[in-house]
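Here the structure is laid out as C-alpha cells; the discussion comes afterwards.
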Protein chains: 2
Amino acid sequence: MDGNAQKVTGKEAAKAQLPAHETIYRKLREQILFGEIAPGQPVTIQGLTDRLNAGMTPVREAIRRLTSEGALEFQGNRRVIVPQLTAENIAEIIYARQWLESHLGLRATERAEPADLTELTRLDDALDKAIARGDLQGYLEYNYRFHAKIYELAQAPILAAMAEGLWLRFGPSLRVVCGRIGTQNLPDRHKDLLHAMRTGDAEGAARACREDMLQGMEQVRDMLDPPGAAN
Amino acid sequence: MDGNAQKVTGKEAAKAQLPAHETIYRKLREQILFGEIAPGQPVTIQGLTDRLNAGMTPVREAIRRLTSEGALEFQGNRRVIVPQLTAENIAEIIYARQWLESHLGLRATERAEPADLTELTRLDDALDKAIARGDLQGYLEYNYRFHAKIYELAQAPILAAMAEGLWLRFGPSLRVVCGRIGTQNLPDRHKDLLHAMRTGDAEGAARACREDMLQGMEQVRDMLDPPGAAN
DNA sequence: CCTCTCAAAATATGATCAAATTAATCAGTG
DNA sequence: CACTGATTAATTTGATCATATTTTGAGAGG
C-alpha cells in the first residue's frame with residue numbers, strides 16, 4: 001500500500017479519521033462555549049458550511065445536537081440563534097449547579113489520584129497566567145477545562161453531561177460578562193478547592209465548588225438583571 | 001389554489017407543516033421513551049428511513065439529537081444503540097431526580113391553576129384505567145404525560161429539559177421492568193401528589209414527587225442489579 | 001398601508017463513496 | 001475425514017455531497 005497521506009474527504013485530512021459531523025460539532029461547540037458567538041447572534045447553516053469549509057449535512061447534524069443541548073435555540077421559523085438568558089434561566093442554572101457542582105466536586109475528591117491533582121494544578125496555573133496577561137480567551141478555556149477535568153474525575157457520566165450542558169447555556173453570557181469587568185476581578189476559588197482535594201476534604205471541596213460557581217453565576221446575573229441592559 | 005390536500009413531502013401530509021426532521025425526532029423519541037426499542041437494540045439509519053418512510057438526512061438529524069440527550073448511544077464504530085443502564089447510571093439518575101422532581105413538583109404546585117389540576121386528574125384517571133385493563137403501553141404513556149405536565153407547570157424550561165432528558169435514559173429500562181412485574185403492583189403516589197397540589201401543600205407535593213420517583217427507580221435498580229440478570 | 005414579487009436560506013432527496021460487519025472459503029490439524 | 005481458525009469476499013450500513021424544492025422575509029410598487 002502507498003504510505004502516503006490517506007485522503008479522507010477531500011480536505012487536508014487534518015485531525016481526520018473522525019467523522020466530519022463530529023469535528024464540526026466540536027468546533028462549533030467550542031465557539032459557543034467560549035463566547036465567540038454572542039448571545040442573540042444567528043447561526044446559519046450556509047454560514048457554517050462556508051466558515052468551516054464543510055458540507056451541508058454534517059453542519060446540520062452539529063446544529064441539531066447543540067440545539068438539543070440548549071446551546072442553540074430553534075426559533076419558531078427555521079432560524080437558529082445563540083439564546084439570550086433571562087433572569088429566570090439564570091436562577092434555574094444556579095439552582096441546578098448548586099447540586100451538580102457540589103456533588104461532582106465531592107466525588108472527584110474521593111476518586112482523584114496524585115496525577116490528577118497535578119493536572120488540575122497545571123490547569124489552574126495556566127489560568128492564572130492567562131488572567132495576568134489579560135487573556136480573556138485563555139481564561140475562559142482554562143477555566144472550563146479545569147472544571148471539565150473535575151467532572152471527569154467524578155466518574156459520573158450522566159451528571160457530568162448535565163453539568164457540561166449547563167456550561168453550554170451560560171458560556172456565551174459568561175464571555176460577555178468577563179469582557180466587561182475585565183480579567184482582573186474574576187472569581188477564583190480554585191485554590192481552596194485544590195487544597196481541599198489534596199487533603200482529601202471532600203466536603204470542603206464540595207463547598208469550594210459551590211462557592212466558585214456561585215461567584216461566577218452571580219456576576220452573570222447581576223449583569224443581565226439589574227443594570228439598564230434593556231434589549 | 002386547489003383546495004385539495006396540500007402535498008408536503010410526498011406522504012399523506014398528516015400533521016405536516018412541521019419539518020420532517022422534527023416529526024421523525026418526535027416519533028423516534030416516543031418509541032424510545034415507551035420502550036418500543038429495547039435497551040441494547042441497534043438503531044440504524046437505513047432501518048429508520050424504511051420504517052418511517054423518510055429521507056436520510058432528517059433521520060440522521062433525529063438520531064443526533066437523541067444521542068445528545070442520552071436516549072441513544074454512539075458506539076465507537078458508527079453504530080447507534082439504545083443504551084443499557086448500569087447500576088452506577090441508575091444511581092446517578094436517582095440522585096439527579098431527587099432534587100429535580102422535588103423542585104419541579106414544588107414549583108408546579110405554586111403555579112398550578114384549577115384547570116391544570118383537572119387535566120392532571122384526567123391523566124391520572126386514564127392511567128388507572130390503563131393499569132386496570134393491563135395496558136402496559138397506556139400506563140407508560142399516561143404516566144409520562146402526567147409527569148411531563150407537572151414539568152410544564154413548573155415553568156422552569158431548563159430544569160424541565162433536564163428531567164425529560166432523564167426520562168429518555170431510563171424509559172427503555174422502565175418498560176422492561178414493567179413488562180416483568182406486570183401492571184398490577186406499579187407504584188403510584190399520584191393520589192398523594194394530587195391531594196397536596198389541591199390543598200396548596202407545595203412541600204407535600206415535592207415529597208410525593210420524590211417518593212413516586214424513588215419507588216419507580218428502585219424497581220428498575222432491583223431488576224438490573226441483584227438478580228441473575230447476567231447478560 | 002397592503003400586496004405582490006424576488007432573493008436568500010432551509011429542507012429534503014438520491015447518488016456516490018467508504019467502512020464494517022457478516023458470510024464463506026480454504027488451509028492446517030487432531 | 002471432520003473441525004477449528006483465520007484470511008478474504010460480499011453485503012449491509014454509514015458518511016458526505018450536490019441538487020431540487022419550499023419557505024420565509026423584505027422590498028418595490030400600487
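Computed from heavy atoms alone, side chains included, the values below leave out hydrogens, waters and symmetry copies.
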Phosphate-side-chain proximity, B:Asn77 and D:dG14, N/O vs OP1/OP2 below 4.0 Å: no

Beyond-backbone contact of B:Thr57 with A:Met56, side-chain heavy atoms, under 4.5 angstrom: no

Whole angstrom value for the distance that separates P of D:dA18 from CG of A:Asp50: 12 Å

B:Leu72 CG - D:dG14 P separation (whole Å): 12 Å

Atom-to-atom span, CD of A:Gln75 to P of D:dG25 - whole angstrom: 10 Å

Between C1' of C:dA12 and CD of B:Glu22, the distance in whole Å: 15 Å

Between B:Asn89 and B:Thr86, a side-chain donor and acceptor under 3.5 Å: yes

Minimum heavy-atom distance B:Cys209-B:Gly105, with the two atoms named: SG-CA, 3.7 Å

Protein-nucleotide distance (B:Leu48, atom CG; C:dA12, atom P), rounded to Å: 15 Å

A:Leu166 vs A:Met162, side-chain contact (heavy atoms from CB on, under 4.5 Å): CA-CA, chis, key distance, verdict: CA-CA 6 Å; A:Leu166 292 175; A:Met162 294 174 82; 5.8 Å; no

Residues touching DNA chain D, which here means a heavy atom under 4.0 Å, drawn from residues 57-70 of chain A: A:Thr57, A:Pro58

Polar side chain donor-acceptor pair, B:Glu101 to B:Tyr151, under 3.5 angstrom: yes

Minimum side-chain heavy-atom gap B:Glu22-B:Glu61 below 4.5 Å: no

Whole-Å distance separating the CG atom of A:Leu18 from the P atom of D:dG14: 18 Å

d(OH, A:Tyr25; P, D:dT16) in whole Å: 16 Å

Heteroatom pairs (N/O) under 3.5 angstrom, protein to nucleotides 4-9 of chain C:
none

A:Leu48 side chain reached by A:Ile24 side chain, heavy atoms, under 4.5 Å: no

Side-chain touch A:Val82/A:Glu73, heavy atoms, less than 4.5 angstrom: no

Separation of atom CE in B:Met56 from atom P in D:dT12, rounded to whole Å: 14 Å

B:Gln31-B:Arg51 side chain donor-acceptor pair, cut-off 3.5 Å: yes

